[in-house]
Amino acid sequence: MSARNTDDTGVVVIGLGRFGCHLATSLTQLGHEVLAIDHSADRVQKWSRSLDRVVQADATEEGALRQIGVTEFRRVVVAIGASLDASVLTVLALAELGIPQIWARATSEKHAKILGSVGAHHVIFPEAETGERVAHLIVSKMLDFIEFGDDFAIARVRVPDALVGRPLRELAPADRYGVMVVGAKRPGERFRYADPGTVLTAGSMLIVEGSIAQLQRFAALT
């Protein structure tokens, strides 16, 4: 068996329906290696022209996933939406393989609870999420993300360790981090508007704004 992919850039997307193919395309455009899997030969043939690696396989089978190299990846997204049984069994197979980050699509709150109980680490609801937004969340340390166009976005991130105990005025120089902190939440408190004197404590959450690249770099500090 090959060693697990340790560069943390590759993502497996299982299920090439509307959401899955949109997500796989977004991840590819962000420069990440994508291994796409679907049980349908027609879908595999269709998307093999625009995605680098597309494989036809039964993702509910642990052996099949191992054979095509899924264990080499740290992150897997189960984008199956048409079959609840298939999505649950796929998450279970991935959990048995020890995949560190399993993201799974849910179609209802009940479905989400089942996915979580069998091993999903993150549950997403595509009806309320776009492929681009989920792609950014999967490949960065941002906890939440909203893009407004023209490469401007707002994100929720954990406070970087290097900034704990320091006031926000030290983040002021735009050439240092390139982001602006607009809100802060200390542990056990609610979010408040940030001011220059706000001191960042361990476990705090921040709301920051800036370009997508700037937000990703800042989130990577955590």
Side-chain angles (χ1 to χ4, degrees), residues 1-95 97-107 115 119-142 145 147 149 151 153 212-213 216 220:
M1 181 177 63
S2 300
R4 190 182 296 279
N5 187 328
T6 56
D7 64 6
D8 210 32
T9 62
V11 182
V12 178
V13 176
I14 300 176
L16 289 175
R18 181 180 299 178
F19 176 72
C21 65
H22 198 176
L23 174 62
T25 300
S26 297
L27 288 166
T28 299
Q29 292 173 345
L30 288 171
H32 294 272
E33 175 191 1
V34 174
L35 169 59
I37 302 170
D38 199 282
H39 72 281
S40 167
D42 291 339
R43 285 180 177 172
V44 168
Q45 182 177 9
K46 175 183 177 181
W47 290 104
S48 62
R49 292 189 288 268
S50 55
L51 297 173
D52 289 337
R53 299 176 62 191
V54 187
V55 178
Q56 182 184 3
D58 181 356
T60 66
E61 293 291 336
E62 183 180 332
L65 294 175
R66 189 186 299 275
Q67 185 175 6
I68 60 181
V70 170
T71 54
E72 298 176 13
F73 292 78
R74 295 184 55 80
R75 292 169 294 196
V76 179
V77 184
V78 180
I80 300 170
S83 170
L84 186 150
D85 288 346
S87 70
V88 171
L89 290 174
T90 298
V91 168
L92 183 59
L94 293 168
L97 290 173
I99 302 300
Q101 291 187 41
I102 303 172
W103 296 66
R105 170 187 181 176
T107 56
L115 291 171
H121 304 111
H122 308 274
V123 176
I124 50 181
F125 292 85
E127 290 72 16
E129 313 266 13
T130 65
E132 293 92 341
R133 180 172 181 272
V134 173
H136 281 291
L137 292 175
I138 290 171
V139 299
S140 76
K141 291 188 176 181
M142 292 183 286
F145 171 86
E147 183 177 2
D151 195 35
I212 295 172
Q216 289 178 330

Trainee: Testing the basics here: between Ile99 and Phe73, what is the closest heavy-atom pair and its distance to 0.1 Å?
Mentor: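 It is CD1-O, 3.9 Å.
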Trainee: Which value, rounded to the nearest 0.5 Å, describes the distance between Lys46 atom NZ and Leu51 atom CG?
Mentor: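 Rounded to the nearest 0.5 Å, the NZ-CG separation comes to 11.0 Å.
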Trainee: Under the side-chain contact (heavy atoms from CB on, under 4.5 Å) rule, collect the residues that match up with Ala104, sequence neighbours excluded.
Mentor: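 side-chain contact (heavy atoms from CB on, under 4.5 Å) check on Ala104 returns Val78, Val91, Leu115, Ala120.
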Trainee: Considering residues at least two apart in sequence or located in another chain, which fulfil the salt bridge (Lys or Arg N to Asp or Glu O under 4.0 Å) criterion with Arg53?
Mentor: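 Residues passing salt bridge (Lys or Arg N to Asp or Glu O under 4.0 Å) with Arg53: Glu33.
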Trainee: Kindly give the heavy-atom pair with the smallest separation between Leu16 and Arg43, and that separation in Å.
Mentor: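 Of all heavy-atom pairs spanning Leu16 and Arg43, the closest is O-CD, 3.6 Å.
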Trainee: Verify side chain to side chain contact (heavy atoms under 4.5 Å, CB included) between Phe19 and Ile124, making sure each step is shown before the conclusion.
Mentor: CA-CA 11 Å; Phe19 176 72; Ile124 50 181; 3.8 Å; yes
Trainee: From Gln101 CD over to Arg74 CZ, what is the distance, rounded to the nearest 0.5 angstrom?
Mentor: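 Gln101 atom CD to Arg74 atom CZ measures 6.5 Å (nearest 0.5 Å).
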Trainee: Quick one: CD1 on Ile14 to CG on Asp38, what's the gap to the nearest 0.5 Å?
Mentor: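 Going from CD1 on Ile14 over to CG on Asp38, the span is 10.0 Å.
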Trainee: Kindly say whether Ala59 contributes a backbone atom to a donor-acceptor pair with the side chain of His39 at under 3.5 angstrom?
Mentor: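 Checked: no pair found.
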Trainee: Could I get the full list of side chain to side chain donor-acceptor pair (under 3.5 Å) partners for Asp52, not counting sequence neighbours?
Mentor: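 Testing Asp52 for side chain to side chain donor-acceptor pair (under 3.5 Å), a comparison that skips the adjacent residues, returns none.
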Trainee: Which residues satisfy the side-chain contact (heavy atoms from CB on, under 4.5 Å) test with Ala64, sequence neighbours excluded?
Mentor: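 Ala64 satisfies side-chain contact (heavy atoms from CB on, under 4.5 Å) with Glu61 once adjacent residues are dropped.
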Trainee: Going by the rule side chain to side chain donor-acceptor pair (under 3.5 Å), which residues pair with Thr28 if we only count those two or more places apart in sequence or in a different chain?
Mentor: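 Partners of Thr28 by the side chain to side chain donor-acceptor pair (under 3.5 Å) criterion come out as none, since no residue qualifies.
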Trainee: Do you know the tightest heavy-atom contact between Ser48 and Val54?
Mentor: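 Reported closest heavy-atom pair: CA-CG2, 3.8 Å.
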Trainee: Can you tell me how far apart CG (Asp42) and OG (Ser40) are? Round to the nearest 0.5 Å.
Mentor: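 The OG atom of Ser40 is 4.5 Å from CG of Asp42, to the nearest 0.5 Å.
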Trainee: Look up atom CD1 in Ile80 and atom OG1 in Thr60, then write down how far apart they are to the nearest 0.5 Å.
Mentor: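 Output value for this atom pair is 8.0 Å.
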Trainee: Verify side chain to side chain contact (heavy atoms under 4.5 Å, CB included) between Val88 and Leu92, making sure each step is shown before the conclusion.
Mentor: CA-CA 6 Å; Val88 171; Leu92 183 59; 5.5 Å; no
Trainee: Who are the side-chain contact (heavy atoms from CB on, under 4.5 Å) partners of Ile68, not counting sequence neighbours?
Mentor: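 For Ile68 the side-chain contact (heavy atoms from CB on, under 4.5 Å) partners, ignoring immediate neighbours, are Ile37, Val55, Ala57, Val70.
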Trainee: How far does CG of Leu94 sit from NE2 of His121, to the nearest 0.5 angstrom?
Mentor: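 If we round to the nearest 0.5 Å, Leu94:CG and His121:NE2 are 10.0 Å apart.
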Trainee: Please report the closest heavy-atom contact between Gly119 and Ile102, naming both atoms and the distance.
Mentor: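 Gly119 and Ile102 have their closest heavy atoms at O-CD1, 3.7 Å.
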